[in-house]
Amino acid sequence: MGQNLKLDQEKLKILNRQNILNIIRNSKEISRGDLTEKTGLSPTTVSTITNELMENNMIAEICVGESSGGRKPIIFGLNKHAKYVITIRLTYRGAILDLVDMECNPIYRKEFKEYLDNEIKVRKMISTCLENIMSDFSENVERIVGIGISVPGVIDYKDNLVIYSSRLHLSNFDMGDAVRSVIDKKTYIFKDTDSMILGEYYFGEGREYKDLVYILVENGIGMSYVNSGKLFRLPRGGFELGHTTITSTGPKCQCGSVGCLGMLVSEMPALLRLNELIKEGMETSFSQASNLNYIDIIRASNNDDKASRQVIEEQAEKLGIGMANIVNLLNPELIIIGGPLIYSKWDLISCIKKSIKKHALEPYTDKLNIKFSKFGHESSPLGMANFILEDEVFIPINI
């Protein structure tokens with residue numbers, strides 16, 4: 001009986017400590033008196049816990065507040081340098097490395113440009129990223145609570161495997177093993193759009209929503225889904241929107257099918273279509289499309305380049321068909337579009353909405369919101385860091 005009571009007391013102490021830490025995090029600045037009011041704990045218990053958190057450098061005294069008649073209160077805030085998260089965003093063009101503090105601010109960044117098209121190059125890139133952190137921040141390595149790695153592909157989240165990535169040419173690649181060969185820290189692997197939807201959900205356009213979809217239109221089409229405030233992840237991948245069929249014709253996809261959305265809407269289809277219009281003699285500022293990229297076409301469409309505008313409008317129609325399938329299946333409150341399309345300055349979203357309305361159930365489209373990503377690719381380190389911090393440090397507590 002005594003042993004059980006001791007365990008219950010220890011558990012309650014941990015819960016109270018975690019609750020106070022989370023309140024300080026969310027409040028930014030708060031006094032012991034306000035903590036007492038918010039938690040319902042005694043002033044003595046609050047004082048004991050805040051002293052412990054200060055001893056562990058998790059929080060700090062940041063200023064003295066205004067007096068309401070008695071002694072001026074001490075104001076506490078999070079010590080943002082108490083813990084760090086490493087994030088690595090892998091693409092076929094290279095990697096972006098960030099060290100992120102407890103307020104999810106990137107405090108260090110390096111970009112590495114190299115085409116990653118096999119397992120050896122990916123493993124070497126991960127080593128390069130981690131060795132840079134260990135060299136430049138050697139005194140802070142012990143403060144790192146986790147490493148998040150974003151990858152385009154099909155992910156086995158439980159075993160930290162990249163089951164398949166056509167962009168990086170990976171198959172059953174053990175990301176955890178690649179990290180452990182350099183540093184012994186817990187590894188979290190994210191599909192690229194998972195990291196982006198989390199960044200938007202925590203800090204960007206998705207903050208006011210609980211059911212949302214993120215669609216990345218870039219070198220293909222990726223998708224992720226937050227359901228009832230939780231990232232929806234299947235054990236061995238899913239939500240391959242780019243491989244959904246929207247027509248019975250079209251170019252052959254790497255998956256072996258035809259009519260895949262990703263083969264009709266993304267950078268390469270846009271370049272091919274622009275080249276067709278150039279050959280047909282449509283008015284444009286471009287003489288050929290071979291040296292262009294997706295953003296070039298989008299920016300030209302902003303400047304009323306007729307061929308470029310037609311290319312993007314045609315892609316908007318096809319993208320709307322693919323999104324209509326998502327609307328009919330999931331009925332989300334919000335769809336966020338990421339990738340180069342966010343640089344569009346004309347009303348591209350209206351074109352997409354018009355296509356969705358033609359192909360989706362009317363009750364599901366009436367209150368549907370569609371927005372461009374607030375942070376673009378910058379949502380990736382934000383999403384990974386916050387997810388890891390909540391799993392390792394700010395564990396949500398309901399008391």
Side-chain angles (χ1 to χ4, degrees), residues 193 196-197 200 204-206 209 212-223 241-242 244-247 249-251 259-278 280 282-286 289 292-374 376:
T193 51
M196 292 175 182
I197 196 172
E200 293 291 338
E205 296 293 356
Y209 302 87
L212 58 144
V213 168
Y214 186 100
I215 295 175
L216 177 65
V217 184
E218 201 167 35
N219 302 301
I221 294 186
M223 172 191 156
L241 180 60
T244 58
T245 302
I246 66 165
T247 179
T249 61
C260 288
L261 182 62
M263 292 299 293
L264 301 169
V265 180
S266 57
E267 181 173 82
M268 188 53 66
L271 295 174
L272 292 172
R273 179 58 176 147
L274 178 61
N275 216 38
E276 288 178 358
L277 295 177
I278 290 171
E280 291 172 9
M282 178 170 281
E283 185 180 330
T284 178
S285 58
F286 300 119
L292 303 176
N293 57 41
Y294 209 9
I295 293 178
D296 293 328
I297 300 175
I298 292 160
R299 286 175 174 160
S301 76
N302 293 337
N303 295 322
D304 296 324
D305 184 279
K306 288 187 178 180
S308 298
R309 180 68 171 258
Q310 179 161 328
V311 168
I312 301 303
E313 285 182 347
E314 288 175 359
Q315 291 214 340
E317 163 69 20
K318 293 167 184 171
L319 180 60
I321 296 171
M323 288 169 65
N325 292 328
I326 297 306
V327 170
N328 286 339
L329 285 169
L330 302 177
N331 188 21
E333 300 173 273
L334 170 69
I335 297 178
I336 299 173
I337 299 171
L341 292 177
I342 69 173
Y343 298 108
S344 172
K345 301 299 183 185
W346 47 281
D347 202 2
L348 174 59
I349 284 180
S350 288
C351 293
I352 296 170
K353 281 183 175 178
K354 184 178 179 181
S355 177
I356 292 173
K357 282 185 174 290
K358 282 169 58 179
H359 299 97
L361 292 172
E362 186 175 341
Y364 293 173
T365 62
D366 284 347
K367 295 183 179 180
L368 175 66
N369 297 283
I370 301 175
K371 298 182 180 183
F372 285 136
S373 166
K374 180 176 181 179

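Hydrogens, waters and symmetry mates are skipped; everything else that's a heavy atom, side chains included, is used. Here, residue 1 is the first one in the sequence, and each next residue gets the next number. Quick caveat: nothing in here was measured; it's all calculated off a predicted structure.
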Report the residues that fulfil side chain to side chain donor-acceptor pair (under 3.5 Å) with T245, sequence neighbours left out, ordered by chain and then residue number.
-> none

Do the non-hydrogen side-chain atoms of D296 and I298 ever get within less than 4.5 Å of each other?
-> no

Pairs satisfying side-chain hydrogen bond (donor to acceptor under 3.5 Å, both in side chains), at least one member in residues 264-278, at least two apart | R273-E276, R273-E314

S308 versus S301, closest heavy-atom pair with distance | CB-N, 3.8 Å

Pair listing, salt bridge (charged side-chain N to carboxylate O under 4.0 Å, His left out) test, anchored in residues 326-348, at least two apart = none

What distance separates S285 OG from K306 NZ, expressed to the nearest 0.5 Å?
-> 13.0 Å

Indicate the atoms forming the closest heavy-atom contact of L261 with K318, along with that distance.
-> CD1-O, 3.5 Å

Pairwise side-chain contact, I215 with I336, heavy-atom cut-off 4.5 Å (strictly under) = no

Reported CZ-to-CG distance for the pair R309 and N303, which is rounded to 0.5 angstrom | 11.0 Å

Can you find a pair of side-chain heavy atoms, one from I297 and one from D305, that are under 4.5 Å apart?
-> no

Do the charged groups of K374 and E205 touch, with an N to O distance under 4.0 Å?
-> no

Audit row: L334, V213, side-chain contact (heavy atoms from CB on, under 4.5 Å) steps and yes/no | CA-CA 6 Å; L334 170 69; V213 168; over 6 Å; no

What are the two closest non-hydrogen atoms of C351 and A316, and how far apart are they?
-> CB-CB, 3.9 Å

Partners of T244 by side chain to side chain donor-acceptor pair (under 3.5 Å), sequence neighbours excluded?
-> none

List for me each residue that meets side chain to side chain donor-acceptor pair (under 3.5 Å) alongside N325, sequence neighbours excluded, and say none if there are none.
-> none

State, with a plain yes or no, whether a side-chain heavy atom of L274 is found less than 4.5 Å away from one of L292.
-> yes

Side-chain atoms of residues 359-367: list all donor-acceptor pairs with protein atoms under 3.5 Å, sequence neighbours left out, distances to 0.1 Å.
from, atom 1, to, atom 2, distance (Å)
H359, ND1, S355, O, 2.8
T365, OG1, E362, O, 3.0

Side chains of S344 and I349 in contact at under 4.5 Å (non-hydrogen atoms) | no

Test item: I335 and L212 side chains (from C-beta on) under 4.5 Å apart, heavy atoms | no

Check: P332 and L368 side chains under 4.5 Å, non-hydrogen atoms = yes

State, with a plain yes or no, whether a side-chain heavy atom of Y294 is found less than 4.5 Å away from one of M268.
-> no

What is the distance from atom CG of L348 to atom CD1 of I342, rounded to the nearest 0.5 Å?
-> 11.5 Å

Is K371 paired with E200 through a side-chain N to carboxylate O contact shorter than 4.0 Å?
-> no

CG of L271 to CZ of F286, rounded to nearest 0.5 Å, is 10.0 Å

What are the two closest heavy atoms between P251 and M263, and how far apart are they?
-> CG-O, 3.8 Å

Given the rule in the side-chain contact (heavy atoms from CB on, under 4.5 Å) test, do I221 and L216 qualify, once you have shown the distances and angles that lead to the verdict?
-> CA-CA 6 Å; I221 294 186; L216 177 65; over 6 Å; no

Examine distances only and state if a side-chain atom of T193 and a backbone atom of M223 form a donor-acceptor pair shorter than 3.5 Å.
-> yes

Testing K354, K358, K357 for salt bridge (Lys or Arg N to Asp or Glu O under 4.0 Å) with E317, which one passes?
-> K358

Value for CE (M323) from CG (N328), rounded to nearest 0.5 Å, stands at 12.0 Å

Counting only heavy atoms not in Y343, do more than 12 sit closer than 6.0 Å to its OH atom?
-> no

